[in-house]
Protein chains: 2
Amino acid sequence: MGIVERKEREKAEMRRKIVDVAVRMFVEQGYEKVSIRNIADKIEYSPATIYLYYKDKDQLLYDVQTEAFDSLYKAFAEQVTSSDPFERLEQLAYAYLDFAWKNPELYDLMFIIKAPMNAIAEEEKWKGGDDSYNALVNLVSECVEKKLIRQNDPALAALSMWAFAHGFVSLQLRGRCQKATGYTEEEMPDVIRRAVKEYLQLIKA
Amino acid sequence: MGIVERKEREKAEMRRKIVDVAVRMFVEQGYEKVSIRNIADKIEYSPATIYLYYKDKDQLLYDVQTEAFDSLYKAFAEQVTSSDPFERLEQLAYAYLDFAWKNPELYDLMFIIKAPMNAIAEEEKWKGGDDSYNALVNLVSECVEKKLIRQNDPALAALSMWAFAHGFVSLQLRGRCQKATGYTEEEMPDVIRRAVKEYLQLIKA
DNA sequence: CAAATATACTAAACAGTGTTTAGTTTCCAA
DNA sequence: TTGGAAACTAAACACTGTTTAGTATATTTG
């Protein structure tokens, strides 16, 4: 009797439905304007139903986050194609920036907002973004091995690169870059791209 | 008749009282746990009274932010003392990191959280952090002039440095660094300090 | 000085939030 | 067919930021 299997499948489908509309609503309206009631309305269930599938809002956000990290990893896979490791590093950086400008609300949820990290404290281990970050670490490791960059600690070099990119993105997403530099919002992505290129030139062996 | 002056003074005193306890509560309990009602309770007025002195919560947060930026600037003034411009740049960076580790909740409010920036859109110009950022830009400009660093665009070099430091701090404050590197939370400030030092060595002429 | 007015303040309400409880309906197994 | 589990929800709870209407208090005016 495949009833328990079907029930499990239905449960999984319902979760899918919930995170799907949650993701869409986040992308369209931004984190702050999406409430459990809004989501419940959209999927035509009562708010309480969502709590049958998610312990709390943070747990739901955690799943939304995971979804977003998948998108980022997909973007990496598509845009990081060069045969030269250092060039791949460049492509990875640009793909990261691109993702941020195209999905600012998702970026918020993945890296800036506090909320979903509360759920993670309870998790065994935070797997979110692991694939993407590993891609960076592996790439940097390769560059270190082949002496393409000046640093020699891959872990620290990778973290530094991430911090540099993330710093720019998060300042930009909060409107700080324009206030600081006087560039317009449209110009900034290009300015940041140049700054990241400059950084890569600095670390180039 | 100094009555209007007294009234104005009293109005200013009340505002002081409000932002003072607001700052204290932010530092102690964090942004998310401080409500208008909490603040009102602490100063022993009704919540509605706060709205006689602040248009909305964002406007109050803006004042709290300004307060926090003053503290940062003070930290700069105290810790940036060397006669050598490049060394001063180093001191500035370390002072920035120090401030973040000592006042994580204030840092959140100043640079990470969305909230007070809503108020700023309405302001003529965002003066928050202007002094501190100008200190950085001036310092970087001096370094560029004296050819102490390899970059030649002071605006971009300053922004890059800020982005680098802010990237580390904001990743760290969201627990991302530990998850990524495996270092403990206590070790991270030191690791980040090393990374920043490495960056400064990279840009050193 | 008394009346009129402006100011300071608040109780109560409004509309929203995340979440829980208690109760109903639906479905499956014995 | 009936007993019990599972799915679902209406309503409530305890919050949030904010507004409204009304009450005291202080100041100005006749």
Side-chain angles (χ1 to χ4, degrees), chain A residues 1-19 21-22 25-26 29-65 109 113-119 121-122, chain B residues 1-19 21-22 25-26 29-65 109 113-119 121-122:
Chain A
M1 50 183 96
I3 287 177
V4 294
E5 284 88 344
R6 199 209 61 211
K7 291 250 161 156
E8 243 164 75
R9 208 173 51 235
E10 281 173 355
K11 197 132 193 164
E13 273 166 22
M14 184 64 149
R15 285 171 115 104
R16 265 252 66 80
K17 205 179 198 168
I18 295 172
V19 326
V21 357
M25 291 178 77
F26 277 120
Q29 303 170 42
Y31 166 74
E32 276 160 340
K33 296 198 172 166
V34 177
S35 69
I36 296 287
R37 278 177 176 81
N38 294 157
I39 296 171
D41 270 8
K42 198 81 101 186
I43 60 171
E44 295 177 298
Y45 280 85
S46 94
T49 299
I50 289 179
Y51 287 88
L52 300 174
Y53 297 89
Y54 287 101
K55 182 178 146 287
D56 55 27
K57 201 187 180 188
D58 277 359
Q59 288 289 343
L60 168 54
L61 289 191
Y62 179 69
D63 265 19
V64 172
Q65 212 192 40
L109 197 87
I113 282 169
K114 229 170 194 165
M117 296 310 278
N118 301 334
E122 297 163 22
Chain B
M1 52 182 92
I3 287 178
V4 295
E5 284 88 344
R6 198 207 63 210
K7 291 252 160 158
E8 241 165 76
R9 209 172 50 234
E10 282 173 354
K11 196 135 195 163
E13 272 166 22
M14 185 63 149
R15 284 172 115 103
R16 264 252 67 80
K17 205 179 198 169
I18 294 172
V19 329
V21 357
M25 291 179 77
F26 277 120
Q29 302 170 42
Y31 166 75
E32 278 159 340
K33 295 198 172 167
V34 178
S35 69
I36 297 286
R37 278 176 176 82
N38 294 159
I39 296 170
D41 270 9
K42 198 81 100 188
I43 61 171
E44 296 175 299
Y45 279 84
S46 94
T49 300
I50 289 179
Y51 287 87
L52 300 176
Y53 297 88
Y54 287 101
K55 183 179 146 284
D56 55 27
K57 200 188 179 185
D58 277 358
Q59 288 290 343
L60 168 55
L61 289 191
Y62 180 70
D63 265 20
V64 173
Q65 213 191 39
L109 197 87
I113 281 168
K114 229 170 195 167
M117 296 310 278
N118 302 334
E122 296 162 24

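We use all heavy atoms of the structure for the numbers below, so side chains are in, but hydrogens, waters and symmetry mates are not. Chain letters run A, B, ... following the sequence lines, proteins first and then strands; every chain starts at 1.
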Rounded off to whole Å, could you give me the CG-to-P distance for the B:D56 and C:dA15 pair? 20 Å
For the pair made of CD1 in A:I36 and C1' in C:dG16, what is the distance, rounded to whole Å?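 Rounding to the nearest Å, CD1 of A:I36 and C1' of C:dG16 are 14 Å apart.
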For the helix from C:dC1-D:dG30 to C:dC27-D:dG4, what is the angle between the axes at its two ends, each from 5 pairs, rounded to 10°? 30°
Evaluate whether atom CD of A:E10 has more than 12 neighbouring non-hydrogen atoms of other residues, nucleotides or ligands under 6.0 angstrom away. yes
Can you measure from CZ (A:R15) to CD (A:Q59) and round to the nearest 0.5 angstrom?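 Output value for this atom pair is 8.5 Å.
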Using atom types as modelled and distance alone, determine if a side-chain donor or acceptor of B:N38 lies under 3.5 Å from a backbone N or O of B:S35. yes
So, under a plain 3.5 Å distance rule, would you say the side chain of B:R37 forms a donor-acceptor pair with the base of D:dG17? yes
Does B:Y53 have a side-chain nitrogen or oxygen under 4.0 Å from the phosphate oxygens OP1 or OP2 of C:dA8? no
Under 4.5 Å between any side-chain heavy atoms of A:T49 and A:M14, yes or no? yes
Is any side-chain heavy atom of B:I18 closer than 4.5 Å to one of B:Y45? no
Pairs under 3.5 angstrom, nitrogen or oxygen only, protein versus nucleotides 24-26 of chain C, please.
none

Residues of residues 39-51 of chain A with a heavy atom under 4.0 Å from any atom of DNA chain C, listed by number, are A:A48, A:Y51
Which nucleotide in C:dC9, D:dT18, C:dG18 has an atom nearest any side-chain atom of A:S35: C:dG18
Could A:K57 and A:Y31 be counted as a cation-pi pair, given that NZ or CZ must be under 6.0 Å from the ring centre and within 45° of the axis?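 Yes, A:K57 and A:Y31 form such a contact.
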